[in-house]
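Since this is a predicted model, take the numbers as computed values, not measurements. Counting starts at 1 for both ligands and their atoms, following the listed order.
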Amino acid sequence: MTAYGFVGAGEISAAVVEGLSAGVAQPPAVFLSPRGREVGRSLAGRFPNVRVCASNQEVLDRADVVVLAVRVPVAREVAQELSFRPEHVVISAIAGVPLSSLREWTAPAGEVVRSIPLPQAARRQSLTVMYPESEVARALFTRVGRVLVPASESALESFTGATAAFSAHLDYLATIVDWLTGHGVDRESATAFVTHVFGRLGESLLERPDALDVMTSKHTTPGGLNEQFRADLREAGVPDAVRHALDRILERVRG
Ligand SMILES: NC(=O)C1=CN([C@@H]2O[C@H](COP(=O)(O)OP(=O)(O)OC[C@H]3O[C@@H](n4cnc5c(N)ncnc54)[C@H](OP(=O)(O)O)[C@@H]3O)[C@@H](O)[C@H]2O)C=CC1
């Protein structure tokens, strides 16, 4: 069975490793780099298939499939210090580092793939965007959810841009909670209501491919309250602000 190595044992590696291991009858062998000691120790303590190596190079020596999951500023230095082999398949989770750089840093590795695994990998519910198509990367990410391969590297970068919207989305929900608490509702009830309503809305969106259009029109009765609220936000320039902010993220992602 394929052995997986992870250089960078932080939040996203922990999610993928948990998805590969938790409750799996025959989990693959997983080798972790020594940095991020807390995460590594915890994963190795929970899962017998997981081992923390003495060095980043040991990870490469033990695994043919190597996931790079360090932060952008250290990525070049970390990769260039290592000796890759032609048999290595390198799967980068690092946002904003193009395939051309990754190939240069990891030569003579045989295959290099970019990916955007999601934290839901821990529950095997990631929808991992990856590029280019790769049987080996697909096999890894299918173990922790589903896979989406866009038409180009540039499209993968657009998906990276979209991931920047998570926090603002949660902030929008927190604004509604705050507004409720300023209008006669205690914080606990406000939070319970908002997380319930929008959590269930999220579940409904997953049910069918056209759900976004269908749900939007279902919740926009002509002359109704939702229509008025949406029109107010549009008039205030919210969609344009979202597009502009995403454009700025994409510029940053593309360096
Ligand atoms: N979090 C997410 O949802 C997603 C993250 N990504 C990408 O994955 C990458 C990692 O993100 P994330 O997991 O959140 O970051 P974290 O900061 O949680 O993890 C990064 C890990 O890299 C370790 N590290 C630092 N220097 C080295 C080194 N020289 N050798 C080996 N390991 C090192 C850190 O160790 P220490 O703690 O000791 O500093 C830390 O454990 C980023 O590039 C990010 O863009 C991609 C998709 C989703």
Side-chain angles (χ1 to χ4, degrees), residues 4-21 30-46 50-63 65-84 88 90-99 101-102 105-106 112-131 137 140-141 143-150 153 155-170 246 249-255:
Y4 294 106
F6 290 77
V7 175
E11 192 188 332
I12 200 62
S13 290
V16 175
V17 172
E18 174 154 4
L20 288 175
S21 311
V30 169
F31 297 98
L32 300 178
S33 57
R35 284 282 294 267
R37 209 160 291 280
E38 281 304 305
V39 173
R41 238 201 314 253
S42 151
L43 290 168
R46 289 170 63 201
V50 178
R51 199 168 130 188
V52 180
C53 294
S55 66
N56 290 350
Q57 186 60 48
E58 190 191 340
V59 175
L60 269 68
D61 295 343
R62 293 190 179 274
V65 182
V66 179
V67 177
L68 293 181
V70 291
R71 297 229 166 163
V72 182
V74 298
R76 175 198 285 263
E77 192 191 330
V78 169
Q80 285 187 328
E81 269 174 15
L82 296 169
S83 301
F84 288 85
H88 274 136
V90 177
I91 302 172
S92 169
I94 306 164
V97 177
L99 284 170
S101 303
L102 292 164
W105 303 345
T106 63
V112 179
V113 181
R114 283 180 77 177
S115 67
I116 316 171
L118 301 175
Q120 291 89 336
R123 285 174 279 130
R124 292 187 275 281
Q125 290 174 357
S126 177
L127 176 57
T128 304
V129 179
M130 58 172 230
Y131 185 85
L140 166 62
F141 292 124
R143 284 171 174 271
V144 295
R146 291 186 298 130
V147 168
L148 196 160
V149 182
E153 182 174 14
L156 174 129
E157 286 166 344
S158 303
F159 279 108
T160 299
T163 65
F166 295 169
S167 164
H169 180 69
L170 297 173
L246 287 170
I249 292 292
L250 196 53
E251 272 171 32
R252 185 171 155 192
V253 168
R254 292 190 174 148

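For Ile249, the side chain to side chain contact (heavy atoms under 4.5 Å, CB included) test picks out Ala164, Val253, with sequence neighbours left out. In this structure Thr128 satisfies the side-chain hydrogen bond (donor to acceptor under 3.5 Å, both in side chains) test together with Ser126, sequence neighbours excluded.
Closest protein heavy atom to atom 22 (O) of ligand 1: Gly8 CA, 3.6 Å. Scanning all protein heavy atoms for the shortest distance to atom 3 (O) of ligand 1 gives Pro119 CG, 3.5 Å. Protein heavy atom closest to atom 30 (N) of ligand 1, with residue, atom name and distance, is Asn56 ND2, 2.9 Å. For atom 13 (O) of ligand 1, the closest heavy atom belonging to the protein is Ile12 N, 2.9 Å. Of the protein's non-hydrogen atoms, the one nearest atom 43 (O) of ligand 1 is Val70 O, 2.7 Å. The shortest contact between atom 37 (O) of ligand 1 and any protein heavy atom is with Gly36 CA, 3.7 Å. Of the protein's non-hydrogen atoms, the one nearest atom 18 (O) of ligand 1 is Glu11 N, 2.9 Å. Residue, atom and distance of the protein heavy atom nearest to atom 46 (C) of ligand 1 are Ala93 O, 3.1 Å.
If you number the atoms of ligand 1 from 1 as listed, the ones under 4.0 Å from a heavy atom of Pro117 come out as 47 (C), 48 (C). Each of the atoms 9 (C), 10 (C), 20 (C) of ligand 1 lies under 4.0 Å from some heavy atom of Ala69.
Only the side chain of Val78 comes within 4.0 Å of ligand 1, judged by heavy-atom distances. Contacts with ligand 1 closer than 4.0 Å are made by no heavy atom of Leu118, backbone or side chain.
At least one side-chain heavy atom of Trp105 sits less than 4.5 Å from a side-chain heavy atom of Val97. Val147 has its side chain within reach of Val149: a pair of non-hydrogen atoms, C-beta onward, lies under 4.5 Å apart.
Ionic pairing of Glu153 and Arg254 is not present here: no N-O contact between side-chain nitrogen and carboxylate oxygen is shorter than 4.0 angstrom. The pair Glu18-Arg46 counts as a salt bridge, with a side-chain nitrogen and a carboxylate oxygen less than 4.0 angstrom apart.
Taking a 4.0 Å cut-off on heavy atoms, Val39 fails to register as neighbouring ligand 1.
Listed here is the closest heavy atom pair of Ala69 and Ala93: CB-CB, 4.4 Å.
Gln57 places a side-chain N or O within donor-acceptor distance of the main-chain N or O of Ser83, the cut-off being under 3.5 Å.
Among Ser92, Gly10, Ala9, the residue whose heavy atom lies closest to atom 19 (O) of ligand 1 is Gly10. Evaluated by nearest non-hydrogen atom to atom 34 (C) of ligand 1, the leading choice among Arg35, Glu81, Glu77 is Arg35. Here the shortest heavy-atom distance to atom 45 (O) of ligand 1, taken over Ala95, Ala75, Gly96, belongs to Ala95.
To the nearest 0.5 Å, atoms CG (Leu140) and OG (Ser115) are separated by 8.0 Å.
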- Could you walk me through whether Glu157 and Arg114 pass the side-chain contact (heavy atoms from CB on, under 4.5 Å) test, one step at a time? CA-CA 10 Å; Glu157 286 166 344; Arg114 283 180 77 177; 3.0 Å; yes
